[in-house]
Structures are given as C-alpha cells and as structure tokens.
Number of protein chains: 4
Amino acid sequence: MVRNRGLLVDAARSAFAESGVEVSIGEIAQRAGVAKGTVFRHFASKDDLLAAIMLELLDRLIETADGLRDAADPGEALRELMTAGVEALAADQAFCEVVGKPSLQNAEVRAAIERFAGLVEVLTARAREEGAIRDDVTGTDIVLLLGGIQQTAAPVLGAHPDAWRRYLALTFDGLAPVHATKLPHPLPGNLQTALAAEG
Amino acid sequence: MVRNRGLLVDAARSAFAESGVEVSIGEIAQRAGVAKGTVFRHFASKDDLLAAIMLELLDRLIETADGLRDAADPGEALRELMTAGVEALAADQAFCEVVGKPSLQNAEVRAAIERFAGLVEVLTARAREEGAIRDDVTGTDIVLLLGGIQQTAAPVLGAHPDAWRRYLALTFDGLAPVHATKLPHPLPGNLQTALAAEG
Amino acid sequence: MVRNRGLLVDAARSAFAESGVEVSIGEIAQRAGVAKGTVFRHFASKDDLLAAIMLELLDRLIETADGLRDAADPGEALRELMTAGVEALAADQAFCEVVGKPSLQNAEVRAAIERFAGLVEVLTARAREEGAIRDDVTGTDIVLLLGGIQQTAAPVLGAHPDAWRRYLALTFDGLAPVHATKLPHPLPGNLQTALAAEG
Amino acid sequence: MVRNRGLLVDAARSAFAESGVEVSIGEIAQRAGVAKGTVFRHFASKDDLLAAIMLELLDRLIETADGLRDAADPGEALRELMTAGVEALAADQAFCEVVGKPSLQNAEVRAAIERFAGLVEVLTARAREEGAIRDDVTGTDIVLLLGGIQQTAAPVLGAHPDAWRRYLALTFDGLAPVHATKLPHPLPGNLQTALAAEG
DNA sequence: CATGAATGAGTCTTCATTCAT
DNA sequence: CATGAATGAAGACTCATTCAT
C-alpha cells in the first residue's frame with residue numbers, strides 16, 4: 001500500500017540520517033514496522049531506496065535555492081543557501097556520505113546535484129557581481145564547501161550540535177571580497193566536469 | 001621475512017588509502033601477494049594493522065609540526081603545517097575516516113592525535129599572538145579544519161588531485177585577522193573536551 | 001517455516017548429541033538440508049542454538065524429577081531419576097560437555113541446572129531420611145555422579161550402548177546405607193557453592 | 001638437541017594437563033621457549049606429541065600397577081592403584097579426554113592402555129578371589145571407573161581439589177562384596193573387545 | 001500486496017602444518 | 001638442527017536479495 005511506502009520512507013530517512021548509508025535494510029524495515037521483503041517491493045535495491053531519500057533532501061535544497069534566486073541581497077541569499085545546505089548535511093549522516101563520494105551516487109542523484117549546482121552557480125554569480133563575495137569563487141566551490149564545512153564540525157557534532165555555524169561563518173569570511181590574492185587551482189565552472197572521473 | 005612485511009605494509013597503506021578502512025583483509029593480502037593468514041602473522045587484527053598505518057601518518061605529521069615549532073614566521077609555519085595535514089588526508093581515504101570517527105581510534109591513535117593537536121595548539125597560539133591569524137581561532141579549530149578542507153576537495157580529487165590547495169587557500173584567507181566579526185559558538189580549547197560526550 | 005525449524009532443531013540435536021558442542025554450524029546446516037545462514041535466522045548464535053537444545057534436555061529432566069517428588073518409594077524414585085539423568089547424558093555428547101564445563105553454560109542453562117539440582121536435593125533428602133541411601137550423601141553428590149557414571153561407560157558406549165546401566169547399579173550399591181565408614185571431603189550442600197571459585 | 005626435546009615435553013605436559021588436548025601448538029612452543037617449527041622437528045604431528053605425553057602417564061601407571069602385583073593385601077593394592085589412576089586423571093585434563101574418547105587414541109596409546117588394563121585385570125582378579133571385592137566386577141570395570149570417578153569430581157575440582165577422593169571412596173564401597181544383586185550388562189573381560197567399535 | 005524464510009557470498013580470525021633460510 | 005614466516009582450510013557470523021506462501 002501507499003501507507004507502507006510512507007512508513008518505509010520515514011524509517012529510511014531517520015535510519016540513514018542517524019547511521020549513514022551502511023545501515024542495514026533489516027534495521028530500516030524494523031523501524032518501519034514492515035518485513036524486509038516489503039522494502040524490496042517498493043524499492044528494487046538498497047541503492048534505490050537510498051537514492052529516493054537523498055532526492056528528497058536534494059529537492060528541498062533545490063527548492064530553497066530556487067526561492068532565493070531573486071532575493072534582494074544576493075550575498076545574504078548565498079549565505080542563507082549555504083546555511084540550509086550545511087544544516088541539511090549536519091542533520092543527515094548518509095547525505096554527507098553520498099554527496100562526498102561520487103561512487104555512491106546514481107544517475108538521478110547526480111542529476112539532482114547538477115540541478116542544485118546550477119542554481120548555486122546562479123546565486124554565486126549574482127553575489128559575485130554585486131561584490132558580496134570575491135570574484136574568483138565559483139558555484140562549484142560553494143557546492144563543495146558545504147560538505148567541507150559540515151565535515152569540519154562533524155567530529156564535535158555530538159557535543160556541539162551547532163558547531164557547523166562557526167565554520168560556516170569562518171568560511172564565509174574567507175569568501176569575502178577583501179582578499180587580495182587569487183585562489184589557486186581553479187576548477188571548471190561545471191560541477192559535473194569537475195567531478196569527471198579519473199582525470 | 002622483513003621484505004614480506006614491507007610488501008604487506010605497502011599493500012595495506014595503498015589499499016587503505018584508496019579504499020578506506022572497510023577494505024578487506026583479503027584485498028590487502030592479495031595486493032601484497034601473500035595469503036590471508038600472513039596478514040595476521042604480522043598484525044594481530046585488522047584494527048592493529050590499520051592503527052599501525054595510521055600511526056605512520058600521524059607520526060610524520062607530528063614530526064612536521066615539531067619542526068615548525070620555532071619557525072621564524074609563525075603564520076607561514078601554521079600554513080605549512082595545515083598544508084602537510086590536508087595533503088596527508090587527501091592522499092588517504094582511511095586516514096580521513098579514522099580521524100573523523102572517534103570510534104575507529106584505538107588508544108595509541110587517540111594519543112597520537114592528541115599529541116598532534118597539542119602541537120597545533122602551540123603553533124596556533126604563536127600565530128595568533130603574532131597577529132598572523134585572527135584572535136578568535138583556536139588550535140581545535142585548525143585541527144578540525146584540516147578534515148573539512150580535505151572533504152571540500154574530496155569529490156573532485158579524482159579529476160583534480162590538487163584541488164585541496166584551493167580550499168586551503170580559501171580557508172586560510174578566512175583565518176586572516178582582517179575580519180571584524182567574532183566567530184560564533186566557540187569550542188573548548190582542548191580537542192578531547194570538544195569531542196567529549198556522544199550527544 | 002516451522003518445518004524447517006523443526007528440521008534444524010532435529011539436525012542440531014543429533015549433531016550435538018553425536019559430535020559434541022564443537023560440531024560446526026555448517027555440519028548442522030547440511031544435516032538439516034538448509035544453508036548456513038538459515039541457522040542464524042532461527043538462532044542468533046551457535047551458543048543460543050546449543051542452549052536451546054540443552055534446555056530441552058534439562059526441562060525434560062526437571063519434569064521427570066518433579067514427577068518423582070512425591071513418589072511412594074523415595075529410594076526407587078531417586079534411582080529412577082538417576083536413570084533418566086544418566087540415560088540423557090549417555091545419549092548426548094554435548095549435554096555431557098555442557099553440564100561438565102561451567103564455561104559452556106549461559107544464564108538460562110545455568111538456571112535450569114540449578115533448578116534440577118534443587119529437585120535432586122529434595123529427592124535425595126527424602127531418600128536419605130527414609131534410610132534408602134546412606135546419610136552422608138547429598139544432592140550435590142548425586143548430580144555430580146550422573147556425569148561420572150556416564151563417563152565410566154563412555155568409552156564402551158559404541159559397542160555397549162547400555163553399559164551405563166551397569167555402572168549406575170554399581171554406584172547405587174555404593175549409596176546403600178550398609179556402608180559403615182563416612183565419605184571423606186564433604187562438599188557444601190549447594191551445587192553452585194560447590195562449583196564456585198576457579199581455583 | 002636433546003635439551004630442547006626435554007623443554008618441549010615439559011611444556012607440553014603442563015599445557016596439556018592444564019588446558020586439555022585443544023591447547024595450541026603455539027602455546028606449547030611458547031611455554032617451551034622454542035619456535036613452533038621445533039615442535040614438528042621432534043614430533044611429526046600434534047597427535048604424536050600428545051601421544052608421547054600420554055604414554056609417559058600411562059607408563060607411570062603401568063609401573064605402579066606392576067609394583068602392586070604381588071602386594072600382601074590385594075584389596076588394598078587395588079585401592080591404591082585406583083587412587084593412583086584417578087589422581088593422575090584429576091591432575092591432567094588431556095589425559096582424561098584421551099582415555100575417555102577412543103577416537104583420540106593412536107595405536108601406541110591404545111596398546112599402553114591395554115597393557116595397563118591387563119595388569120588391572122590381574123589385580124582385580126586377586127582382589128576378587130580374596131573376597132575383597134564383589135565377584136561380578138572385572139578389570140575392565142575398574143579401568144572404566146577411573147575415568148568416571150574423575151569425571152564425577154571434575155566440575156568441582158577448581159574449588160575442591162581433593163573431591164575425587166570422596167567419589168573414589170563411594171565407588172569402592174560399591175565394589176564391596178556386601179552387595180547381593182548382580183550387576184547387569186556384564187562387559188567382555190578384555191577391554192579392547194569391550195571398546196570394539198560400532199557394535 | 002506483504003511476509004519473512006532462505007540463500008550464499010563475503011568478513012575476520014585461528015591454527016596445524018610446511019619449508020626456505 | 002632451529003627458526004618463524006607462510007600457507008590455506010576451517011569456523012562463526014552478517015546482510016542484501018530472492019521467492020514461495
């Protein structure tokens with residue numbers, strides 16, 4: 001039924017968030033109060049289930065980015081988006097692992113990340129043009145930084161759940177247009193190109 | 001013999017570096033060209049082997065930090081240390097996982113991390129006092145940032161092995177004393193204290 | 001299904017009985033005609049499986065002991081109980097090993113043994129008071145003797161499956177109240193106390 | 001060298017005695033202060049080493065039995081022999097396991113047991129003819145009883161190292177010629193015949 | 001549709017035994 | 001002769017996935 005799918009998705013969401021991608025199907029099924037077989041009725045494989053959950057998170061983030069597209073203050077908008085991004089990562093162990101490891105991403109997830117990256121690129125460009133951030137920073141940088149900020153705080157998140165805000169602030173200071181030297185090793189503008197394997 | 005142990009450690013080093021802590025003993029043995037049992041001749045358990053490899057890396061880092069202790073330019077010294085730290089992380093998947101997840105650390109590894117953190121604290125203090133970095137940044141921040149910088153670059157490391165240098169530069173700019181606002185959510189000075197308490 | 005569990009328990013029962021506690025899960029699975037994983041579906045660990053089988057035997061023995069509690073002839077009742085006990089041991093290698101080695105006993109098994117020992121104590125006391133057995137024999141002695149009688153016959157059990165009856169008879173003669181000298185080295189009345197302390 | 005063999009045998013003796021036949025070759029080698037390979041230089045297999053140690057024990061027992069052959073009091077002689085036998089068993093875990101489980105016996109051990117059994121048969125016959133013990137008891141019974149008596153006390157040997165004397169006394173009372181009823185299930189006079197497998 | 005039993009490949013680890021040095 | 005490194009066959013246990021009911 002459709003209700004079971006809902007329970008399943010809820011359970012998977014919390015299980016992946018708390019325990020990461022390695023959480024077992026059995027654990028998820030148990031949390032949902034269904035049998036393991038039911039999981040595979042709704043999702044062809046564990047990877048599919050994971051992808052579905054990750055897509056939810058990505059879609060929410062895409063929506064947020066979309067809503068900030070025409071914000072009055074592009075610098076502030078970018079900061080809000082980054083806040084939302086890091087917050088989402090800090091709240092979900094599996095999300096961190098998936099966005100940080102391309103090998104865990106399937107086609108749909110990759111497409112959603114690309115979509116998100118495109119919006120980030122737009123917001124970043126606006127902020128850059130307004131002089132809110134330095135002009136050698138790209139959208140790809142911003143997307144990558146989200147995972148980095150979360151990771152910085154990760155080891156202390158148990159004791160300091162808000163620590164990521166500290167490192168977001170620090171990173172944002174690094175993005176400020178006050179810095180004279182150019183950043184080295186610029187990446188290609190497109191995230192997919194930057195990810196392009198083995199090269 | 002000693003040669004086999006060398007092969008084994010080499011194999012383990014590269015296997016852990018490429019695939020992370022979950023790489024199987026079988027894979028390591030195969031890379032080394034030995035039987036599985038041979039691995040357990042040299043290291044009592046997989047954890048012991050992992051710890052040995054991690055301690056190599058940590059010891060090298062500690063040595064580097066120690067050598068920079070009395071450097072003429074404390075700001076530059078800190079940057080060099082961070083470079084060495086991120087480079088080590090970027091080159092080793094397992095190292096990232098171990099330093100980021102206290103549950104993977106055995107007593108020796110934990111002690112080495114603590115020792116390293118102590119040296120970072122010293123270098124950070126000097127840089128702070130010299131005005132090379134802003135005065136609301138602690139050694140704990142620096143240690144945590146290493147993992148964050150690596151993580152930022154991680155998704156593109158396959159295609160751009162030096163990408164971490166870009167994000168190290170960006171982070172270092174964020175540490176510059178030009179920033180007026182204080183960082184929120186300060187952590188306790190001691191890393192162990194910051195890590196304390198699972199919740 | 002339930003049939004498979006039956007097959008599994010049957011297989012485990014006979015495998016443990018014939019080969020002792022060291023029989024492999026693979027052997028049991030093969031006898032049951034299932035895969036190894038199936039064993040772990042039904043029992044969380046080998047110890048759990050062993051405990052389940054052992055508890056069956058102990059429960060049957062406890063039931064027997066309980067049924068003999070108010071028997072008209074306490075001497076005969078004790079003999080019947082000992083017969084049941086030795087017979088159970090003679091038929092099951094693993095049972096012998098488990099009751100003889102406290103380290104193989106989990107909490108439930110230990111509790112069942114204690115319960116059985118309590119009943120034996122009662123029956124022994126009655127027999128003693130009736131003058132059916134000598135008055136320096138305790139329930140602890142009787143419990144211990146069961147394993148001893150089995151062990152006496154063990155080496156010839158292959159060729160003489162009933163040999164234990166011979167040594168039960170001999171032992172029972174030794175328990176008769178006709179003997180003038182007291183038994184040396186009396187043990188504490190309680191079995192757990194007698195077992196206490198590894199040294 | 002011959003000295004190494006001595007160290008090895010000493011180590012094996014104590015290791016087998018304390019831990020039983022399952023003690024590892026590594027443990028024995030370590031106790032002896034030699035390398036594992038050395039064990040196999042002196043003994044072709046673990047079974048051979050075990051057999052050598054067991055033969056020592058059996059030879060000592062055979063000697064004891066031989067010395068009691070012409071004792072003035074045949075009943076007392078038998079009791080002394082049984083005391084020596086049970087004491088040897090109680091002091092050696094592996095010895096118990098080997099004599100109790102024909103499958104652990106190699107040809108030499110079996111021969112020594114047979115030799116011992118022959119002597120016991122002689123002592124038993126004398127005691128029987130003197131009326132020191134009941135006349136339906138055979139040497140085979142006596143040999144088998146040794147293991148049984150040890151086993152009776154085994155579970156409490158940790159806390160009560162002399163407990164076996166209690167059960168030896170009890171058993172000896174059972175052997176007394178005061179008992180009217182014949183023992184059931186007589187075994188063939190020869191131990192090897194009684195052991196004869198699968199019959 | 002849902003169940004949960006069954007599968008089987010894969011993991012770490014132990015240990016008797018062999019053999020090059 | 002002694003060493004101890006190497007082997008490889010087991011063993012217990014886990015888990016994604018399949019499928020009969």
Side-chain angles (χ1 to χ4, degrees), chain A residues 1-5 7-8 21-30 32-50, chain B residues 1-5 7-8 22-29 32-50, chain C residues 1-5 7-8 22-29 32-50, chain D residues 1-5 7-8 21-30 32-50:
Chain A
M1 307 205 186
V2 63
R3 192 174 66 95
N4 259 345
R5 187 181 175 107
L7 290 173
L8 198 50
V21 301
E22 303 247 302
V23 79
S24 79
I25 287 286
E27 165 78 16
I28 294 172
Q30 203 173 338
V34 303
K36 263 193 304 193
T38 306
V39 180
F40 288 93
R41 170 159 301 277
H42 290 283
F43 300 91
S45 72
K46 189 186 175 182
D47 279 0
D48 278 18
L49 171 57
L50 177 62
Chain B
M1 346 185 149
V2 66
R3 194 175 68 95
N4 248 337
R5 187 183 174 105
L7 290 173
L8 191 53
E22 303 247 301
V23 79
S24 82
I25 285 287
E27 164 77 17
I28 293 173
V34 301
K36 256 185 315 188
T38 303
V39 180
F40 290 96
R41 254 204 85 58
H42 292 280
F43 300 91
S45 70
K46 189 185 175 183
D47 277 4
D48 276 18
L49 172 55
L50 177 61
Chain C
M1 351 189 139
V2 64
R3 194 175 67 95
N4 249 339
R5 187 183 175 105
L7 289 173
L8 192 53
E22 303 246 302
V23 79
S24 82
I25 286 286
E27 164 78 18
I28 293 173
V34 302
K36 255 184 317 187
T38 303
V39 179
F40 291 96
R41 255 205 83 59
H42 292 280
F43 300 91
S45 70
K46 189 184 174 183
D47 277 5
D48 276 18
L49 172 55
L50 177 61
Chain D
M1 309 202 186
V2 64
R3 193 176 65 97
N4 259 343
R5 185 180 176 107
L7 290 172
L8 198 49
V21 300
E22 303 246 303
V23 79
S24 79
I25 287 286
E27 164 78 16
I28 292 171
Q30 202 172 339
V34 302
K36 263 194 304 193
T38 306
V39 180
F40 289 93
R41 171 159 301 277
H42 290 283
F43 300 91
S45 72
K46 188 185 176 183
D47 278 1
D48 278 17
L49 171 56
L50 177 61

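Proteins come first, then strands; the chains are lettered A, B, ... in the order of their sequence lines, and each starts at number 1.
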Value in whole Å for how far the P atom of F/dT18 lies from NZ of A/Lys46 = 15 Å
note: D/Leu50, atom CG; E/dT17, atom P; distance rounded to Å ~ 11 Å
For B/Leu49 and B/Val39, run side chain to side chain contact (heavy atoms under 4.5 Å, CB included): C-alpha distance rounded to whole Å, both residues' side-chain angles, the deciding distance at 0.1 Å, then the answer.
-> CA-CA 8 Å; B/Leu49 172 55; B/Val39 180; 4.0 Å; yes
Could you check how far CG of B/Asp47 sits from C1' of E/dT13, rounded to whole Å?
-> 12 Å
C/Ala35 side chain, from C-beta outward: closest of F/dT7, E/dG8, F/dT3 = E/dG8
Between F/dT17, E/dT13, E/dT7, which nucleotide has the shortest distance from any of its atoms to the side chain of A/Ile25?
-> F/dT17
Under 6.0 Å from the CD atom of D/Glu27, do we count more than 12 heavy atoms belonging to anything else shown?
-> yes
Could you state the CD1-P distance from A/Ile28 to F/dC15, rounded to the nearest angstrom?
-> 12 Å
Expressed in angstrom and rounded to an integer, what is the separation of B/Asp48 atom CG from E/dT14 atom P?
-> 11 Å
Test D/Leu8 against D/Val34 for side chain to side chain contact (heavy atoms under 4.5 Å, CB included), laying out the working first.
-> CA-CA 8 Å; D/Leu8 198 49; D/Val34 302; 4.0 Å; yes
For the side chain to side chain contact (heavy atoms under 4.5 Å, CB included) test, which of A/Thr38, A/Leu50, A/Asp48, A/Ile25 pairs with A/Phe43?
-> A/Asp48
How many Å lie between CD on D/Glu27 and C1' on E/dT17, as a whole number?
-> 18 Å
For the pair A/Lys46 (side chain) and A/Ser24 (backbone), establish whether a donor and an acceptor sit closer than 3.5 Å, ignoring hydrogens and angles.
-> no
For DNA chain F, whose closest nucleotide is more 5', that of A/Lys36 or that of C/Ala44?
-> C/Ala44
For F/dA2, take OP1 and OP2 only and decide whether either is under 4.0 Å from a side-chain N or O of D/Asn4.
-> yes
Atom pair distance, as rounded to whole Å: CG in A/Leu7 and P in E/dC1 = 15 Å
Taking the nucleotide of DNA chain E with the closest heavy atom to each, which residue, D/Arg41 or C/Arg3, is nearer the 5' end?
-> C/Arg3
How is B/Ser24 classified with respect to the nucleic acid when contacts are heavy atoms under 4.0 Å: base, sugar-phosphate, or nothing?
-> sugar-phosphate
5' precedence on DNA chain F between C/Glu22 and B/His42 (nearest-nucleotide basis) = B/His42
DNA chain E: 5'-proximal contact among B/Phe40 and C/Val39 (nearest heavy atom) = C/Val39
For C/Phe43 and F/dA12, what is the distance between atoms CZ and P respectively, to the nearest whole Å?
-> 15 Å
Base partner of F/dC19, which must satisfy Watson-Crick or wobble distances under 3.5 Å | E/dG4
In the structure shown, which nucleotide is the Watson-Crick or G-U wobble counterpart of E/dT14, with both distances under 3.5 Å?
-> F/dA9
